[in-house]
**Student:** 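Right, I'll just put the structure down here and ask away after.
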Amino acid sequence: MGTSDEEIDRLLGKLTPRARALLLNGATTWRTRAEPAVELRELVMSDGPAGVRGEAWDERSTSLLLPSASALAATWDEALVEDLGGLLAAEARRKGVDVLLAPTLNLHRSPLGGRHFECLSEDPELTGRIGAALVRGIQAHGVAATAKHYVANDSETDRLTVDVRVGERALREVYLAPFEAAVAAGVRLVMAGYNAVNGTTMTANALLTDPLKSEWGFDGVVVSDWGAVRGTTGTARAGLDLAMPGPDGPWGEALARAVAEGAVPEPAVDDKARRLLRLAAWLGALGGRDVSRSPVPGRPADSPGAEGADGGAGAGPSSGAEGLPGRGPAHGAKPSGPRPRRAGDGRALARRAVAAGAVLLANKDVLPLDPEHLGTVAVIGAHAARTRTQGGGSAGVFPRGEVSVLDGIRAELRGRARVVHVPGPRPDGPAPPLDPDTCTDPRSGLPGVLLRMLDADGRELYAERRRGGRLLEPRLVPGAHTVEIRARLCPRTGGSWSLGVAGFGRMSLTTDGRTLLEGDFPPSTDDPAVMHVNPPAQYATADLTAGRDTLLVARRELAPGTGRATVLVAAPPAPDVTASLAEAVRAAGAADAAVVVVGTTEHGESEGYDRTDLALGATQDALVRAVAAANPRTVAVVNSGGPVELPWREQAGAVLLAWFPGQEGGGGLADVLFGHAEPGGRLPTTWPAVLADAPVTRTRPDGGRLDYDEGLHLGHRGWLRHHRTPAYWFGHGLGYTTWRYEELTVPPVTRAGDGLTVRVRVRNTGARAGREVVQVYLARPASALDRPARWLAGYTAVRARPGETVTATVRVPARALRHWSVAEHAWRTEAGPCRVLAGRSAGDVPLAAEVEVVPTASA
Ligand code: BGC
């Protein structure tokens with residue numbers, strides 16, 4: 001048994017009310033406070049969800065980068081996701097992290113949501129099941145998971161202040177449902193969002209108590225989102241337990257005083273402290289039963305992960321936490337024998353996840369490609385060589401190397417076929433951070449840039465070489481007044497370069513001593529993701545000569561309240577669009593097959609902003625059209641975390657959705673392109689043909705309020721209700737074989753409060769073995785209540801050989817049949833007929849049957 005509640009109360013008894021109150025505020029950005037009186041050490045927290053960054057925001061502290069959340073949900077594969085959670089836990093252990101700030105369980109409500117890539121799906125059932133699998137996977141290895149952001153934090157515009165107005169029924173059945181699933185899976189922390197719901201900011205909202213702590217019995221810690229606590233008593237009287245970050249903020253001493261003055265009741269603080277100690281006990285961080293959070297001894301912190309026994313190619317030094325002593329998943333319990341995970345097998349598993357989540361949207365018999373019949377393959381597009389592996393914001397990590405689509409295809413075809421790469425026209429958008437491969441540190445002459453910290457007189461206090469133009473949280477040096485990034489740029493292309501510096505406060509940029517820009521740029525927001533991670537840039541242009549070095553010097557004064565980010569941005573002159581399209585067309589026309597990769601850029605799909613459209617941009621769309629016209633065997637690979645418009649989708653030979661695939665993206669996609677793996681993904685979100693078709697799009701609050709007017713009808717439910725047809729339905733995705741749905745068997749009757757078991761017989765009608773995700777939806781056309789046209793009730797995957805018939809057994813849980821009664825403030829199940837539908841997507845349900853729900857006294 002773990003530390004009992006009696007033992008925790010005994011430890012709490014050793015602390016004064018003041019000491020208990022002080023425990024509830026962070027000690028640093030990422031750590032809680034230690035309390036020697038009870039031998040409590042600091043707990044270390046870190047962002048995910050696609051990797052574990054650790055405490056340092058520094059490109060030298062690398063992390064295994066998995067596919068983004070939308071790709072994980074696209075696997076519809078809880079066992080795989082649980083294994084990936086184990087990898088995250090191994091990374092956390094390696095980096096000395098106790099608490100992972102993941103998974104993100106908000107929903108894809110509007111396709112414009114800036115953090116779409118970081119959220120799982122539009123559907124509460126799929127989000128709940130995949131989210132719970134992640135929680136189990138992470139926690140099975142003794143690292144605590146955090147379900148965030150509780151609740152209805154589904155878009156970014158004005159996220160610190162927005163007041164989401166959502167009805168009680170939609171809240172319960174849709175937005176709270178994934179959190180309820182995470183709590184049922186034993187999640188140790190829940191993060192209260194920045195936003196307000198129905199008039200009260202989430203860190204002071206009654207929803208933290210009811211249903212979270214009372215009805216659901218959550219006995220873990222409610223932590224604030226970073227900086228979300230904006231008052232002392234209101235938040236302390238509510239269900240919030242821990243204010244992050246520290247050491248400053250409205251809790252700390254102010255909370256201790258409020259308790260002493262009786263403004264916050266002592267028992268409320270005791271309950272919070274008890275929860276924190278319970279978490280610490282589970283982590284082994286309490287009462288001297290310390291498990292060190294320092295990196296695993298004897299292992300280099302950032303060595304590349306090795307391929308393991310599960311099928312990866314290549315070899316490397318083993319890194320990470322082999323055979324970790326895990327801690328238990330149950331509340332307060334000791335480890336019950338979690339599978340030891342070798343972090344060394346991380347890369348192979350990450351690669352497998354890429355293929356498992358890749359969604360084949362359309363295929364005119366072009367995929368898989370057969371290398372035996374390929375002399376030349378044209379690989380086209382800027383995203384082919386620079387595949388975007390993750391979205392922006394606090395979720396960002398520094399991967400241990402990235403395999404681009406081009407790398408993956410080259411590795412596959414080496415010695416077998418010729419690979420020609422043409423970048424095509426540059427995607428629309430402003431300049432990205434300076435590419436470290438194009439510049440050197442002027443002091444050492446080595447690749448990278450020179451970071452200098454200067455005092456008020458411009459004297460150097462500290463200097464180091466860094467590997468990129470994006471510097472977040474540079475080391476704090478006493479007396480530092482200015483941060484400077486110095487780079488010797490060796491332009492390969494001459495002409496008008498776009499140069500700039502991103503950040504807030506007084507900034508300047510010079511080229512060879514000539515001032516390009518200078519001024520004061522005060523913060524436009526206090527959103528931490530914008531302030532510290534993704535600040536806007538100021539741009540200027542400079543004429544540079546190819547082959548002639550230029551010294552770039554960007555400076556930013558470190559005034560309080562101007563954030564921590566300084567970014568030097570640079571882009572060469574854009575190649576002529578017509579000429580680069582012509583080059584791409586020539587390459588595609590001369591090849592046996594073309595793979596054209598297009599996607600979103602740095603400037604879309606990031607925390608802190610929502611998107612304003614879903615377009616890939618005129619040049620990328622023109623590129624796919626031109627390449628597809630030049631070669632019918634064109635595969636368009638889409639590299640985005642959320643929906644984008646694909647106006648050329650009928651023209652391409654195949655359309656493959658790669659998502660943000662993480663560091664092993666190129667390898668995993670090559671596995672799919674060349675048929676080593678079937679594309680396993682099914683859309684976790686409905687993709688509109690054009691934004692205007694989508695029933696729910698608004699993310700901009702009106703007078704501070706964002707009304708969720710659609711109630712229960714988001715995602716595919718909304719499309720069905722409005723009789724609109726999207727480009728691709730929720731659940732859609734092709735494999736490399738075909739299936740016939742033959743028979744659906746349901747019991748004639750089920751009792752309210754019970755679930756039911758549904759059997760779906762499917763036949764593999766194609767020529768390859770394959771996996772099919774069999775989906776079951778419910779509909780209640782005769783209902784007296786407002787109902788979605790149909791809703792996902794269950795799913796399972798089956799495998800079959802060519803010609804083989806298999807029966808998928810899908811469990812429809814009781815929760816799929818219940819509804820929230822606002823009048824009774826309780827779950828109820830309506831008696832009467834219920835249609836059961838089975839198929840391959842929300843828009844393709846060939847089989848239907850009916851079950852009669854009979855009343856029981858209790859439901
Ligand atoms: C984000 C959280 C994140 C936190 C710490 C916030 O801005 O909303 O998801 O965990 O920062 O980085």
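All heavy atoms count here, side chains included; hydrogens, waters and symmetry mates do not. All values derive from a computational prediction rather than experimental measurement. Start at 1 and go down the list; that is how both ligands and their atoms are numbered.
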**Student:** Could you pull out every protein residue that has a heavy atom closer than 4.0 Å to ligand 1, ordered by chain and then number?
**Tutor:** Trp30, Asp47, Leu101, Arg115, Lys148, His149, Arg159, Met191, Tyr194, Asp225, Trp226, Ser394, Glu607

**Student:** Centre-to-centre under 6.0 Å for Tyr708 and Tyr175, is that the case here?
**Tutor:** yes

**Student:** Tell me whether His532 contacts the main-chain N or O of Arg564 through its side chain, where contact means a donor paired with an acceptor under 3.5 Å.
**Tutor:** yes

**Student:** With sequence neighbours left out, write down each residue that passes side chain to side chain donor-acceptor pair (under 3.5 Å) with Glu156, or none if nothing qualifies.
**Tutor:** none

**Student:** Which residues pass the side chain to side chain donor-acceptor pair (under 3.5 Å) test with Arg31, not counting sequence neighbours?
**Tutor:** Glu42, Glu55

**Student:** What residue pairs, at least two apart or across chains, pass side chain to side chain donor-acceptor pair (under 3.5 Å) with a residue in residues 239-253?
**Tutor:** Arg18-Glu253, Lys213-Asp241, Thr235-Trp251

**Student:** Go through it in stages, so that I can follow the logic: the residues are Lys148 and Asp47, the test is salt bridge (charged side-chain N to carboxylate O under 4.0 Å, His left out), and I'd like the CA-CA distance, side-chain angles, deciding distance and then a yes or no.
**Tutor:** CA-CA 11 Å; Lys148 71 187 189 182; Asp47 274 311; 3.3 Å; yes

